[in-house]
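Below is one structure, written out as structure tokens, with a few remarks after it.
Counting convention: from 1, in listed order, for ligands and their atoms alike.
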Amino acid sequence: MTSKKLWQRYQDWLYFHDGLGFYLDISRMFFDDELIAKLEPKFNKAFLDMAALEAGALANPDENRMVGHYWLRNPDLAPPQFKKEIETTLIHIDDFVRRVHHGIIHPPYEPQFTDIISIGIGGSALGPQFVADAIGPDIPPLNLHFIDNTDPAGIDRILTRLKDRLKTTLVIVISKSGGTSETRNGMLEVKHAYNELGLHFPDYAVALTMDGSKMDEEEQCDRWLAKLPIFDWVGGRTSELSSVGLLSAALIGIDIKSMLEGAKIMDQATRIPELKNNPAALLALSWYAAGDGKGEKDMVILPYKDSLLLFSRYLQQLVMESLGKEFDLDGNIVHQGITVYGNKGSTDQHAYVQQLREGVGNFFATFIEVLEDRQGPSIEIEPDAMSGDFLFGCLQGTREALYENGRASLTITLERVDAINIGALIALYERAVGLYASLINVNAYHQPGVEAGKKAATQFLALQQLIVKVLRETPEPLSLESLAEKVHTPDQVETVYKIVRHMAINHRGLILQGDLHKPCEILVSYRTESA
Ligand SMILES: O=P(O)(O)OC[C@H]1O[C@](O)(CO)[C@@H](O)[C@@H]1O
């Protein structure tokens with residue numbers, strides 16, 4: 001395409017939102033009028049699906065659930081029974097945060113909380129992490145730390161760093177279901193650390209969970225410092241603008257009202273049922289065009305701004321957990337999804353952009369450009385050129401270099417990274433995922449594959465418990481094969497081997513004898529008291 005035609009295409013497809021100062025340019029995606037015509041009926045259906053969802057339809061049929069994250073930033077749209085609880089929760093967050101900041105709520109023996117540990121995983125961690133990193137103040141009123149795994153060493157790292165400050169640390173435990181083992185484990189480990197210091201954990205703990213969840217009942221969260229609800233109709237990966245994301249954000253000094261306002265403005269823009277006037281629909285079109293509606297191209301997220309580093313991790317769950325599905329809504333096997341990865345520019349130009357430019361062409365890039373370089377003046381690095389101009393040049397150069405080599409890209413341009421724009425960005429992608437899911441006819445709001453993984457992990461732990469029991473009852477060393485027989489899994493010798501190897505190295509009383517190069521010759525036994 002000649003540069004004149006390209007300039008025309010740029011102008012024809014450029015989306016601009018006046019109120020937000022937000023641009024979306026999809027001119028470097030490879031789609032034509034034929035595709036637009038083909039997708040028109042699908043888009044019409046997607047807009048209707050979305051309107052029904054917002055009106056309270058059971059948009060998550062497998063779980064028989066409503067999908068209400070759009071109501072969080074505009075409670076007037078919510079069914080009357082939910083409006084009140086959204087508003088009350090916001091008031092509670094506001095009140096709790098104000099009282100913590102003023103030391104009215106404080107740790108038992110100290111005047112003020114200094115730190116927060118936020119324990120949660122997936123949608124109960126990725127949003128809060130992204131937002132804190134993107135717009136958390138440089139010197140926050142409280143320092144925020146995350147435990148988002150059941151990795152003992154990772155937990156120790158946080159606890160060791162906090163050390164004496166544990167006695168002034170607020171613990172927020174976030175689990176919608178209240179039954180996620182990683183979060184439960186993190187909570188029990190942290191609780192143990194408080195107990196060791198003679199501190200009464202409930203005086204430091206805040207629960208964010210569904211009323212009556214497993215965690216709520218087992219831990220009697222009503223006796224904790226505070227408890228806030230996560231609503232049944234808010235999915236984990238779309239929960240950033242619920243209590244899940246808002247509480248920690250407000251505690252570290254982020255303007256959550258602006259974040260909600262930004263999302264509300266973007267919601268209005270993405271509700272418009274016209275492709276060209278709806279930025280989320282334009283994103284969905286671009287994704288469809290890139291991967292032929294089958295996810296054939298990966299989505300590489302390249303924000304040219306350090307503060308947006310975690311956006312790709314956040315999007316990874318939002319997009320891949322929503323779209324990565326075996327079956328469509330009619331029960332056909334489709335194996336859908338779009339792979340998402342990324343980091344930040346220009347850093348990535350010195351890492352994997354080499355492959356993007358010259359290697360396998362299995363992706364499309366999403367550039368995120370931020371117009372405001374910094375608050376405050378910049379020095380001249382070269383005549384009339386500041387650091388920000390170099391960053392800008394790197395983005396434009398990479399976009400051009402990719403296009404020259406037939407690699408598609410789209411570009412989102414924000415004026416600055418602030419609470420309004422972060423709220424808007426979250427809302428934009430939530431809507432784009434919903435629309436794209438309608439185009440490809442999948443349920444974006446369930447995650448059956450994750451449930452299967454959780455079940456497998458539970459079976460694995462049950463097997464481990466049985467192995468320990470059998471070894472304790474068996475005085476003589478056993479080969480792996482006979483151990484597998486005894487625990488009724490003769491076809492899972494490899495799993496048995498891995499369990500005993502892991503337990504042996506962690507001093508859990510197991511002894512492995514024999515040549516470790518030859519698992520089939522290993523003998524395993526349990527260390528008795530006298531041994
Ligand atoms: O908040 P919960 O219930 O602990 O779930 C955490 C995450 O686990 C999942 O259910 C599965 O990964 C996610 O959808 C969710 O965000």
Side-chain angles (χ1 to χ4, degrees), residues 59-69 72 89 117-131 146-151 154-155 171-191 205-219 221 224 227-249 310-326 337 339-340 426 429-430 433-434 437 442-458:
N60 179 357
D62 295 51
E63 294 176 0
N64 212 23
R65 276 184 165 139
M66 291 189 226
V67 175
H69 46 275
L72 297 167
T89 305
I117 302 178
S118 181
I119 306 174
I121 196 166
S124 294
L126 291 160
Q129 287 168 330
F130 161 54
V131 166
F146 290 95
I147 291 180
D148 64 352
N149 200 355
T150 180
D151 173 11
I155 296 169
V171 183
I172 306 177
V173 187
I174 314 176
S175 178
K176 179 182 171 186
S177 62
T180 304
S181 55
E182 291 92 332
T183 304
R184 188 257 338 253
N185 299 359
M187 186 264 294
L188 290 176
E189 295 255 6
V190 172
K191 187 176 175 181
V206 177
L208 303 189
T209 189
M210 280 202 298
D211 262 342
S213 75
K214 199 168 166 215
M215 170 174 115
D216 192 14
E217 283 182 353
E218 281 180 9
E219 292 298 317
C221 295
W224 288 13
K227 188 180 104 176
L228 287 164
I230 303 180
F231 307 123
D232 176 63
W233 39 267
V234 174
R237 54 191 173 274
T238 52
S239 66
E240 173 49 29
L241 297 174
S242 73
S243 59
V244 169
L246 296 180
L247 179 65
S248 60
L310 297 184
F311 192 46
S312 57
R313 284 186 70 197
Y314 168 75
L315 284 186
Q316 215 163 42
Q317 186 202 20
L318 178 63
V319 174
M320 296 176 76
E321 204 168 73
S322 301
L323 303 177
K325 300 291 154 73
E326 183 172 7
T339 303
V340 179
I426 289 169
Y429 273 85
E430 284 178 350
V433 164
V442 299
N443 178 355
Y445 307 107
H446 68 166
Q447 52 284 328
V450 180
E451 303 312 320
K454 283 182 189 169
K455 220 159 141 192
T458 311

_Under 4.0 Å from a heavy atom of Gly122: which atoms of ligand 1 are those, numbered in the order shown and with their elements?_
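Contacts of ligand 1 toward Gly122, numbered from 1: 16 (O).
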
*Interfacing atoms of ligand 1 (cut-off 4.0 Å, heavy-atom, Ser175)*: 1 (O), 2 (P), 3 (O), 4 (O)

pair [X]-[Y]: side-chain heavy atoms closer than 4.5 Å:
| X | Y | answer |
| --- | --- | --- |
| Leu318 | Ile426 | no |
| Phe130 | Glu240 | no |
| Leu72 | Phe231 | yes |
| Pro61 | Asn443 | yes |

What protein heavy atom is closest to [atom], reported as residue, atom name and distance in Å?
| atom | answer |
| --- | --- |
| atom 3 (O) of ligand 1 | Ser177 OG, 2.6 Å |
| atom 11 (C) of ligand 1 | Val450 CG1, 3.0 Å |
| atom 16 (O) of ligand 1 | Gly123 N, 2.7 Å |
| atom 5 (O) of ligand 1 | Thr180 OG1, 3.5 Å |
| atom 8 (O) of ligand 1 | Lys454 NZ, 4.2 Å |
| atom 7 (C) of ligand 1 | Ile121 O, 3.7 Å |
| atom 13 (C) of ligand 1 | Glu321 OE1, 3.4 Å |

*asked:* Under 4.0 Å between a side-chain nitrogen and a carboxylate oxygen: does that hold for Lys191 and Glu219?
replied: yes

Compute the shortest N/O to N/O distance between [X] and ligand 1 and return yes if it is under 3.5 Å, no if not.
| X | answer |
| --- | --- |
| Ser124 | yes |
| Gly236 | no |
| Glu451 | no |

_Gap separating the CG atom of Leu228 from the SG atom of Cys221, nearest 0.5 angstrom_ = 11.5 Å

_Member of Ile230, Val206, Ile121 meeting the side chain to side chain contact (heavy atoms under 4.5 Å, CB included) criterion with Ile174_ =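 Exactly one option meets the side chain to side chain contact (heavy atoms under 4.5 Å, CB included) with Ile174, and it is Ile230.
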
*On the 0 to 90° scale, with breaks at 30° and 60°, tag the Tyr429-Phe311 ring pair as parallel, tilted or perpendicular.*
perpendicular

_Arg237: which of Gln317, Gln316, Gln447 passes side chain to side chain donor-acceptor pair (under 3.5 Å)_ =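 Checked Gln317, Gln316, Gln447 against Arg237; only one passes side chain to side chain donor-acceptor pair (under 3.5 Å): Gln447.
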
_For Glu182, state whether at least one heavy atom is located under 4.0 Å from any atom of ligand 1._
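Checking ligand 1 against Glu182, which is what was asked, there is no heavy-atom contact under 4.0 Å.
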
